[in-house]
Trainee: 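Here it is, the structure in full.
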Amino acid sequence: MGFDQRPPRLLFSGAEETLLSALTHAPREAVEQGREYRLLRKVLDGTPAAVAILDERLRYRYVNEAMARMSGVPCAEFHGRTMGEVLPGVHRSEDILRMVLNDGQPRALSVTGTTKASSPFRKRQWNAVYHRLDDDGQVVGLCGIAVETSGLRQYLDDLERAHQRLALLDTAAMRVGTTLSVETTCAELAKFVVPSLADRASVWTLVTGESDEAPPPEPGVLRLRVTASAGGPDIAGRVGLVAGAGYYFDAVRDSPTRKCLDTGRPWLGNLATDDVMLKMVRTPHNLAVFREAGIHSMLVVPLPTREQPVGVIYLCRAGDSGPFTDEDVVVAQDLATRAAVAIDNARQYTLEHTMALELQRALMSEPGTPHPDLDTASRYLPAGRRALVGGDWFDSMALPSGRTLQVMGDVMGHGFSAAVAMSQYRSMLRGIAVSGSPVERILQEADHRLASIGLDRVATCQLALVDPRRGTCTLAAAGHPPPVLLHPDARADLLPVPNGPPLGTDIGGYEALTVDLPPEAVLLMYTDGLIERRWTDIDVSLRRLTNLRLATDGPLDTLLDAVLARLVHGHAEDDVTLLATRLRRR
């Protein structure tokens, strides 16, 4: 007779002492078997593995103390009941158990879920092996032995999450901060976290200094500006926290955003009530739009730097997306920390670059006004990723008799010292040029004077004296690249101007060259940043310039833009300055 009878009786009922007493006068073999029974019972009750015996209907007939401890359910409550009845939070495949009953082949399976017993693990898991029990050829049930592997499972899960987090951060390092533009960097961050971490995201940066776009904030109030948003353009134009780029928001002291900035800690609003959400979105209208969009959870993370946060990133979950987990908060903080460095570098670069360009323009000033018989245009393009001023300059000076002196120069080196030296060169050439001396004499005098005052930086220079009445141009050069004459038929010729030593050497020996300047022809003067490229022969670069085939009858600004577009790709290695001159039609 098997186990499957009603009501099922208990196995290993704890009556081993009664059994041994009854066997006192039994044969020695029976007594020994009783002692073995007691010993086996102690093994079953003492093992840390969970042991259970089930009948053919998968009802418990026996569980040991380890099973009771793991489940938080006393042994007696298992008797005559299935796992679904005793432990509804634990899941195992009963199909596999029935296969063991049918063919007698032992099988291992994973059992997962939650029990009434407290546990330090987020998820519990057991590895179990089930064997079929036979009695005189009759199947009577199953024996299951299980060992908890929750710790190993959690370790592996944590390891996998750590690998995923590192992979995410590595990817972010390649995709966020690819430029020195604050707007681009913030846009890269917002797009990166959607949809991997949020359904909506916006990056807000602190506004420093005054702005003409909005009145100044109240004292003690921090102003932020939406720099980038991602995920939901329908909301971006309607809601404060995910508004379009340029939207301003003043963070008062008791606002969650301000607390994030002051403390450097994130703010989490999972499945936030309307009251909690209203503290963040500020107005009932914004709250209504948030709810219409299905947003139910928000995470605000500061963008920290060593001195102070540069802003915050808002992350929103909507619809069927689950609320933010502790792991999500950690990942968001890691991303924000890395992105903040890139944003801060971009802000610092933008500030320094803007200041440098303002200084460059102040030192360079606007070129003088040529005679009305000439059309001129100019361009100044600073070197790629440097926030330093340079030594390039250009000038245009109206001289007596209707002539105009066009000047192009380049002081050796970069930085403020080069810019200051450039200002001295420019001023001195202006002072000498008003005398009306020939261009070669102007260079000679400038070379001598500059050497006598002890400037430690030499400069190259190109002078072009344009005479509209005669239709000629007289040129002289001090170590400067040759100018190009662009013809109406799209030809381009390098002018063979005699090239003397750079200014400031006190060597002298400059010569002049006079050429015709036909109607519609354009004289193009430039600094070496236009043609010099690392690993490229200078003759190759000059051929590229003369092979441009540019139209000369349109606006000179358009012509210069075409030159830069076709010869300067990406970030220039050196400052590029252009000056174009054309006789005006009469």
Side-chain angles (χ1 to χ4, degrees), residues 162-209 211 222-231 236 241-249 251 257 260-267 299-316 324 327-357 382-388 570-573:
H163 286 164
Q164 292 175 353
R165 186 191 308 173
L166 289 175
L168 184 69
L169 294 176
D170 287 343
T171 305
M174 294 184 290
R175 293 173 53 185
V176 179
T178 61
T179 71
L180 285 173
S181 164
V182 174
E183 288 74 14
T184 301
T185 302
C186 292
E188 290 170 342
L189 174 60
K191 292 177 181 178
F192 183 79
V193 298
V194 175
S196 61
L197 201 59
D199 299 308
R200 306 282 192 271
S202 60
V203 181
W204 295 62
T205 54
L206 279 173
V207 177
T208 57
S211 172
L222 294 180
R223 173 163 290 174
L224 296 100
R225 179 175 65 90
V226 178
T227 310
S229 298
L241 292 180
V242 281
Y247 179 91
Y248 285 91
F249 165 67
T257 301
C260 283
L261 292 169
D262 291 342
T263 64
R265 294 193 297 268
W267 179 89
L299 173 61
V300 185
V301 182
L303 298 166
T305 63
R306 285 179 296 180
E307 296 181 357
Q308 65 176 2
V310 295
V312 294
I313 178 170
Y314 293 89
L315 306 174
C316 300
F324 294 97
E327 184 72 16
D328 293 332
V329 176
V330 172
V331 171
Q333 286 181 286
D334 288 343
L335 285 173
T337 299
R338 295 198 179 195
V341 175
I343 294 172
D344 191 41
N345 288 341
R347 289 185 65 172
Q348 189 67 25
Y349 168 81
T350 300
L351 175 62
E352 293 178 357
H353 199 67
T354 300
M355 293 175 60
L357 289 179
R385 294 184 178 273
R386 290 184 297 102
L388 299 175
H571 299 285
E573 297 176 10

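Please read all numbers here as calculations on a predicted model, not as lab measurements.
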Trainee: Where is the tightest heavy-atom contact between Ala346 and Ser181, given as atom of each residue plus distance?
Mentor: CB-C, 3.8 Å
Trainee: Out of curiosity, Ile343 CD1 to Ile313 CD1, how far, rounded to the nearest 0.5 Å?
Mentor: 8.0 Å
Trainee: Of all the heavy-atom pairs spanning Gly231 and Val194, show the shortest one and how long it is.
Mentor: CA-CG1, 4.0 Å
Trainee: Carefully, step by step, assess Val310 and Val182 under the rule side chain to side chain contact (heavy atoms under 4.5 Å, CB included).
Mentor: CA-CA 11 Å; Val310 295; Val182 174; over 6 Å; no
Trainee: Measure the spacing between CZ of Arg347 and OG1 of Thr185 and express it to the nearest 0.5 Å.
Mentor: 12.0 Å
Trainee: Out of curiosity, Thr179 OG1 to Asn345 CG, how far, rounded to the nearest 0.5 Å?
Mentor: 11.5 Å
Trainee: Run the salt bridge (Lys or Arg N to Asp or Glu O under 4.0 Å) test against Asp344 and tell me which residues pass, sequence neighbours left out.
Mentor: none
Trainee: If you look only at pairs with a residue in residues 328-340, which of them pass as a salt bridge (charged side-chain N to carboxylate O under 4.0 Å, His left out), with sequence neighbours excluded?
Mentor: Arg165-Asp334, Arg317-Asp328
Trainee: Show the nearest heavy-atom pair for residues Ala336 and Pro304, with the distance to one decimal.
Mentor: O-CD, 4.0 Å
Trainee: Please report the closest heavy-atom contact between Ser229 and Val226, naming both atoms and the distance.
Mentor: OG-CG1, 3.6 Å
Trainee: Tell me the side chain to side chain donor-acceptor pair (under 3.5 Å) pairs involving residues 188-197, sequence neighbours left out?
Mentor: Thr178-Glu188
Trainee: Short question: side chain of Thr227, backbone of Arg225 - any donor-acceptor pair under 3.5 Å?
Mentor: yes
Trainee: Go through Leu335 and Val176 one step at a time and tell me if the side chain to side chain contact (heavy atoms under 4.5 Å, CB included) criterion holds.
Mentor: CA-CA 10 Å; Leu335 285 173; Val176 179; over 6 Å; no
Trainee: CZ of Phe192 to OG1 of Thr171: how many Å apart, nearest 0.5 Å?
Mentor: 5.5 Å
Trainee: Shortest non-hydrogen contact from Val312 to Pro302?
Mentor: CG1-CA, 3.9 Å
Trainee: Might you point out which heavy atoms bring Ala201 and Ala190 nearest each other, and give the distance in Å?
Mentor: CB-O, 4.0 Å
Trainee: Can you tell me how far the SG atom of Cys260 sits from the CG atom of Leu299, to the nearest 0.5 Å?
Mentor: 8.5 Å
Trainee: For the CG atom of Leu197 and the CZ atom of Phe324, what is their distance to the nearest 0.5 Å?
Mentor: 6.5 Å
Trainee: Leu224 pairs by side-chain contact (heavy atoms from CB on, under 4.5 Å) with which of Leu261, Thr205, Val207?
Mentor: Leu261
Trainee: As a test of understanding, state which of Val330, Val300, Val301 forms a side-chain contact (heavy atoms from CB on, under 4.5 Å) with Pro266.
Mentor: Val301
